[in-house]
Amino acid sequence: MTIRVLVVEDEALVAEMIREALSPTDFNVRAVAFSKDSALKYLADNPFDVALLDINLNGKFEGIDVGRTIRDSYRIPFLYLTAHADDQTLQNAKLTRPSGYIVKPFTERELIAGLEVAMYNARLQKQAAFALPDLSRLNQYLAEPLSAREGDVLHLIFEGKSNAEMAGALFVSVNTVKTHLMRLYGKLGVNSRTAVIARVREIVSR
């Protein structure tokens, strides 16, 4: 199966290296955008399955803007390419919920592995995705209601996020995430993420 890739990278040599690295694989580079504007135009005019986004485009961190647009409008997995960035930029990048980061300089193996993991997680999320009810409605069926933060954790479970990814999305420590998970498990009467999904689906189907 051919997987259509959009590469957003302002260095032509890096873009070409990516194209060559992926050429023997199922990942097919359908377009290379050298700027934010061209990336948005490609996205509007063509279907893609995954995107590789350089955070720093022509001296500006406009790759994050592209990531935000993909998150809000196109719902395909994307990974950031970055050589270096300050803490605030990385925090802003986290808010767009990327599928991962690939640090420059990278090897062909790292590039392909990053894309494969992104696509695998996207498939899992698609399988798990369904319309979660409002927290107030869900709480009607629970002896002990979920808190707003536990509701956030529940949504992230259905998105297939790891503990570390949850911590980044919620701006808390991994230990705090584990505490929220234990409380969530207790209120739902389960002991695993898979059981959380099954339990919520059971409640929603009533």
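The residues of the chain are indexed from 1 along the displayed sequence.
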Under 3.5 Å donor-acceptor, [X] side chain and [Y] backbone:
| X | Y | value |
| --- | --- | --- |
| Arg71 | Leu95 | yes |
| Asp26 | Ile3 | no |
| Glu116 | Ala113 | no |
| Arg19 | Ala15 | no |
| Glu11 | Leu13 | no |

Atom of [X], atom of [Y] and distance for their closest heavy-atom approach:
| X | Y | result |
| --- | --- | --- |
| Pro77 | Asp49 | CD-O, 3.3 Å |
| Asp10 | Phe34 | CB-O, 3.6 Å |
| Arg75 | Asp72 | NE-O, 3.7 Å |
| Leu53 | Gly63 | CD1-O, 3.9 Å |
| Ala21 | Pro24 | O-CD, 3.3 Å |
| Val174 | Ala164 | CG2-CA, 4.1 Å |

Margin query: Run Leu146 and Arg183 through side chain to side chain contact (heavy atoms under 4.5 Å, CB included) and show every step you take.
Written below: CA-CA 9 Å; Leu146 303 182; Arg183 290 175 179 166; over 6 Å; no
Notebook entry, point to check: Stepwise, does the side chain to side chain contact (heavy atoms under 4.5 Å, CB included) test hold for Asp65 with Leu57?
Noted result: CA-CA 10 Å; Asp65 295 332; Leu57 295 173; over 6 Å; no
Once you round to the nearest 0.5 Å, how far does [atom1] of [X] lie from [atom2] of [Y]?
| X | Y | atom1 | atom2 | result |
| --- | --- | --- | --- | --- |
| Arg30 | Asn46 | CZ | CG | 9.0 Å |
| His155 | Leu135 | NE2 | CG | 7.5 Å |
| Glu150 | Leu181 | CD | CG | 9.5 Å |
| Phe106 | Met17 | CZ | CE | 3.5 Å |
| Phe171 | Met166 | CZ | CE | 15.5 Å |
| Leu111 | Leu22 | CG | CG | 5.0 Å |

Could you check if a side-chain atom of [X] sits within less than 4.5 angstrom of a side-chain atom of [Y], using non-hydrogen atoms only?
| X | Y | result |
| --- | --- | --- |
| Leu138 | Leu154 | yes |
| Leu81 | Ile55 | no |
| Lys104 | Asp54 | yes |
| Asn56 | Thr82 | no |
| Phe48 | Tyr74 | no |
| Arg193 | Phe158 | no |
| Leu184 | Ile157 | yes |
| Ser99 | Val117 | no |

Just by distance, no angles: are the side chains of [X] and [Y] close enough, under 3.5 Å, to form a donor-acceptor pair?
| X | Y | result |
| --- | --- | --- |
| Tyr80 | Thr96 | yes |
| Thr176 | Ser173 | yes |
| Gln88 | Asn92 | yes |
| Asn139 | Arg137 | no |

Next item on the list: Determine, step by step, whether Lys41 and Asp37 satisfy the salt bridge (charged side-chain N to carboxylate O under 4.0 Å, His left out) criterion, reporting the C-alpha distance in whole Å, the side-chain angles of both residues, the deciding distance to 0.1 Å, and the verdict.
Entry: CA-CA 6 Å; Lys41 188 175 189 317; Asp37 290 343; over 6 Å; no
Out of curiosity, does [Y] fall in the hydrophobic cluster containing [X] (side-chain heavy atoms, cut-off under 4.5 Å, transitive links)?
| X | Y | answer |
| --- | --- | --- |
| Val66 | Leu79 | no |
| Val5 | Leu43 | no |
| Val29 | Met1 | yes |
| Val8 | Leu52 | no |
| Ile18 | Ile76 | no |

Next item on the list: Mind running side chain to side chain contact (heavy atoms under 4.5 Å, CB included) on Glu108 and Glu20 for me, showing each step along the way?
Entry: CA-CA 9 Å; Glu108 291 184 10; Glu20 290 181 3; over 6 Å; no
Check: For Arg199, does the CZ atom sit with more than 12 other heavy atoms under 6.0 Å from it, leaving out its own atoms?
Finding: yes
Checklist line | Audit row: Asn28, Arg4, side chain to side chain contact (heavy atoms under 4.5 Å, CB included) steps and yes/no | finding: CA-CA 5 Å; Asn28 180 258; Arg4 300 162 296 188; 5.7 Å; no
Margin query: With side chain to side chain contact (heavy atoms under 4.5 Å, CB included) as the test, pick out the partner of Thr25 among Ile112, Thr2, Leu115.
Written below: Ile112
